[in-house]
Structure formats: C-alpha cells, structure tokens
Chemist: 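One structure coming up, written as structure tokens, with questions to follow.
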Amino acid sequence: MSAEVTRPTLSDALTERMLELIRTGGHRPGDRLPSTRELSQRFAVTTPTLREALRRLEATGAIEMRHGSGIYVGSAIERIVLPNPNMREMRGAQLLELLGARIVIEPPLAAMAAQHATAEGIAALRTMLDEAALHLRGEDAELHDANMTFHRATARLAGNGVLHEIVDSLLTVHANEQREILQIFDDRRRDYDEHLAILEAIESGDPEAAERLMKAHLADVKSVVELRLHHPPME
C-alpha cells in the first residue's frame with residue numbers, strides 16, 4: 001500500500017456536469033430532474049458512480065432525492081460546497097489531518113445528540129446501522145454510504161444546524177478519502193460495533209459516554225490508518 005492516496009476525479013467531474021445540467025436547463029428549486037437510469041445513460045457512467053455524485057449534491061442541498069418519487073432540485077442550490085477538482089491526490093498526512101479534524105468536531109456533537117435526540121431520531125440511527133450490518137462482507141459502496149449517513153445523522157441530532165453543516169460539508173468534500181479510510185482500516189465488523197456502542201450511549205441519554213465512545217472510535221480509526229500508511233502490509 002502506498003503512503004500516497006490517489007484521489008479519483010470521475011465523481012468530481014460528474015458532480016460538475018450535474019450542476020451544469022441544472023443551470024443550463026433553467027431548473028429551479030423543486031423542479032424534477034431525470035431519473036437515475038436516464039442520468040446514467042446521459043453521462044455514460046455506472047449507477048454507483050452516479051449515486052456518489054448524487055449523494056454529494058444531496059448532502060450540500062443542491063438536489064433532493066425523494067424515495068419513490070425521484071430527484072429534485074434542492075432549495076440550497078446556490079449554497080453548496082464542492083470538492084476542489086484541482087486536487088489530484090491527497091497524501092497520507094492530509095488524510096490523517098481529516099480524521100484529526102473529525103476527532104475535534106464530532107465527539108462533542110455525539111454528546112449533544114445524547115442530550116437532544118428524539119425517539120424518532122434514535123430509531124433512524126438504528127435503521128442506518130441495520131442497513132450497515134447488511135453490507136459487512138464486501139459491499140463497500142453501500143457500507144460507506146450507511147456509515148457516513150450515521151455520522152451525518154448523529155451530528156444533525158445534536159441540534160446545532162451550523163455544526164451539522166460543517167460535518168456534512170466535511171464528509172461530502174472528502175467522500176473519496178472517507179472511502180479510502182474504510183479500505184485501509186479494513187475491519188468492518190469492528191467499525192460497526194463501535195458505531196453500535198455510540199448509538200446505545202445516545203439512546204441511553206448518556207452524553208459523557210457518547211462523547212468518549214465517538215472520540216475513541218475516530219481515534220481508533222486514525223491510529224490504524226496511520227500505522228498502515230507508515231507500515232503497509234507485505235503482499
């Protein structure tokens with residue numbers, strides 16, 4: 001494994017093309033866009049690649065995906081944070097800085113979630129982890145999606161819209177790096193179990209435990225990634 005992590009650019013380019021489609025088509029917030037199948041054919045990309053771009057745009061509010069209804073232009077189309085298309089790779093040190101930033105931001109939000117989460121919000125978190133549990137044997141695209149949804153939702157339950165937006169933007173801008181982290185960490189069951197422990201602390205209304213467990217979880221990932229970047233396993 002190389003200490004330099006190559007940053008894919010296909011999703012970045014596709015994200016820009018989706019925005020161009022919205023702008024040049026004169027679409028306004030609330031307008032319906034073509035279906036996933038139509039967009040895949042239009043841009044000549046696979047469905048997983050398209051979904052990655054759609055997830056980025058949805059997270060920033062540029063689009064809204066309504067289950068059973070379709071894809072719509074989001075109300076925040078003019079307030080979006082996009083990846084830098086000029087950054088072609090992210091070095092290992094920068095990847096660790098990303099995890100370091102999350103360690104600073106997310107544990108206090110987990111504590112706030114334990115204080116403010118509703119029964120409905122907690123049930124949604126459990127549904128997300130149930131989804132993640134279905135993809136622990138190699139379906140990394142789906143697992144990554146479920147994991148990031150869990151972290152975003154935990155931040156949202158904290159009740160501070162500005163801090164939630166920071167986490168949301170951070171995970172969206174660095175979606176490719178987060179996927180790389182999953183590959184390097186390479187212990188999907190352990191990752192899932194740590195998420196489950198965080199959920200149980202939130203469900204119990206224990207802010208101290210929720211903060212401690214979120215910090216330990218992210219620090220655990222960071223330490224493993226750092227070790228494997230510096231001492232890659234022999235093939």
Chemist: Regarding H151 and E106, is there a side-chain donor-to-acceptor distance under 3.5 Å anywhere?
Modeler: yes
Chemist: Under 4.5 Å between any side-chain heavy atoms of E52 and R179, yes or no?
Modeler: yes
Chemist: CD1/I181 to CG/D191 distance, rounded to the nearest 0.5 angstrom?
Modeler: 10.5 Å
Chemist: What I want to check is whether the side chains of R102 and Q178 have a donor and an acceptor closer together than 3.5 Å.
Modeler: yes
Chemist: Closest approach of T154 and A110, non-hydrogen atoms and distance?
Modeler: CG2-CA, 4.1 Å
Chemist: Please determine whether a side-chain nitrogen of the Lys or Arg among R156 and D168 lies less than 4.0 Å from a carboxylate oxygen of the Asp or Glu.
Modeler: no
Chemist: Considering only heavy atoms from C-beta outward, does the side chain of D145 approach that of T149 to under 4.5 Å?
Modeler: yes
Chemist: Check the pair I63, V73 against side-chain contact (heavy atoms from CB on, under 4.5 Å), reporting the backbone distance first and the verdict last.
Modeler: CA-CA 4 Å; I63 66 168; V73 178; 5.8 Å; no
Chemist: Shortest non-hydrogen contact from A210 to I202?
Modeler: CB-CG1, 4.1 Å
Chemist: What's the spacing between L39 CG and R17 CZ if we round to 0.5 Å?
Modeler: 10.5 Å
Chemist: What about L218 and L96, same hydrophobic cluster or not, with Ile/Leu/Val/Met/Phe/Trp/Tyr joined at side-chain heavy-atom distances under 4.5 Å?
Modeler: no
Chemist: When you measure from the side chain of T49 to the backbone N and O of V45, does any donor-acceptor pair fall under 3.5 Å?
Modeler: no
Chemist: Does a side-chain heavy-atom distance below 4.5 Å link T127 with E131?
Modeler: no
Chemist: Between H27 and R32, is the side-chain contact (heavy atoms from CB on, under 4.5 Å) condition met? List the steps.
Modeler: CA-CA 8 Å; H27 296 292; R32 186 173 182 175; over 6 Å; no
Chemist: I'd like to know if E58 and R55 make a salt bridge, using a cut-off of under 4.0 Å between side-chain N and carboxylate O.
Modeler: no
Chemist: Which heavy-atom pair separates M128 from A146 by the least distance, and what is that distance?
Modeler: O-CB, 4.0 Å
Chemist: Given the rule that I, L, V, M, F, W and Y join up when any side-chain heavy atoms are under 4.5 Å apart, are M65 and L21 in one cluster?
Modeler: yes
Chemist: Just by distance, no angles: are the side chains of S35 and E38 close enough, under 3.5 Å, to form a donor-acceptor pair?
Modeler: yes
Chemist: Evaluate the criterion side-chain contact (heavy atoms from CB on, under 4.5 Å) for residue pair L170 and L98; output intermediate values, then yes/no.
Modeler: CA-CA 8 Å; L170 187 65; L98 169 61; 3.8 Å; yes
Chemist: Which pair of heavy atoms, one from D140 and one from L182, lies closest together, and at what distance?
Modeler: O-CD2, 3.8 Å
Chemist: Determine whether M112 and P207 make a side-chain contact, defined as any pair of heavy atoms from C-beta on separated by less than 4.5 Å.
Modeler: no
Chemist: Would you call L125 and H195 a side-chain contact if the rule is heavy atoms closer than 4.5 Å?
Modeler: no
Chemist: Any side-chain donor-acceptor pair under 3.5 Å between E142 and H135?
Modeler: no
Chemist: So for atom CZ, which belongs to R51, do other residues, nucleotides or ligands contribute more than 12 heavy atoms lying within a distance under 6.0 Å?
Modeler: no
Chemist: Do L196 and M148 sit in the same hydrophobic cluster, where Ile, Leu, Val, Met, Phe, Trp and Tyr count as joined when their side-chain heavy atoms come under 4.5 Å apart?
Modeler: no
Chemist: Check for a donor-acceptor pair, side chain of R228 on one end and backbone N or O of I184 on the other, with a separation under 3.5 Å.
Modeler: yes
Chemist: I want to check something: taking the side chain as every heavy atom from C-beta on, are L143 and Y192 in contact at a cut-off of under 4.5 Å?
Modeler: no
Chemist: Go through it in stages, so that I can follow the logic: the residues are I198 and F150, the test is side-chain contact (heavy atoms from CB on, under 4.5 Å), and I'd like the CA-CA distance, side-chain angles, deciding distance and then a yes or no.
Modeler: CA-CA 10 Å; I198 294 165; F150 175 80; 4.3 Å; yes
Chemist: Do the numbers put R66 on top of the ring of Y72, so that NZ or CZ is under 6.0 Å from the six-membered ring centre and no more than 45° off the axis?
Modeler: yes
Chemist: Working to the nearest 0.5 Å, report the span between CG of L199 and CE of M214.
Modeler: 10.5 Å
Chemist: Measure the CD-CG distance between E64 and L57 for me, rounded to the nearest 0.5 Å.
Modeler: 13.0 Å
Chemist: Closest heavy-atom contact between L136 and E139?
Modeler: N-OE1, 4.1 Å
Chemist: Could you tell me whether R190 atom CZ has more than 12 heavy atoms of other residues or ligands within 6.0 Å of it?
Modeler: yes
Chemist: May I ask whether L213 and L99 are part of the same hydrophobic cluster, defined by side-chain heavy atoms of I, L, V, M, F, W, Y residues being less than 4.5 angstrom apart, directly or through others?
Modeler: no
Chemist: Output the distance between atom CD1 (I122) and atom CG (L157), rounded to the nearest 0.5 Å.
Modeler: 7.5 Å
Chemist: As an exercise, state the distance from OG1 of T36 to CD of Q41, rounded to the nearest 0.5 Å.
Modeler: 11.0 Å
Chemist: State plainly whether one hydrophobic cluster holds both V225 and I103, where clusters connect Ile, Leu, Val, Met, Phe, Trp and Tyr through side-chain heavy atoms under 4.5 angstrom apart.
Modeler: no
Chemist: Which heavy atom of I71 sits nearest to which heavy atom of P34, and what is that distance?
Modeler: CD1-O, 3.7 Å
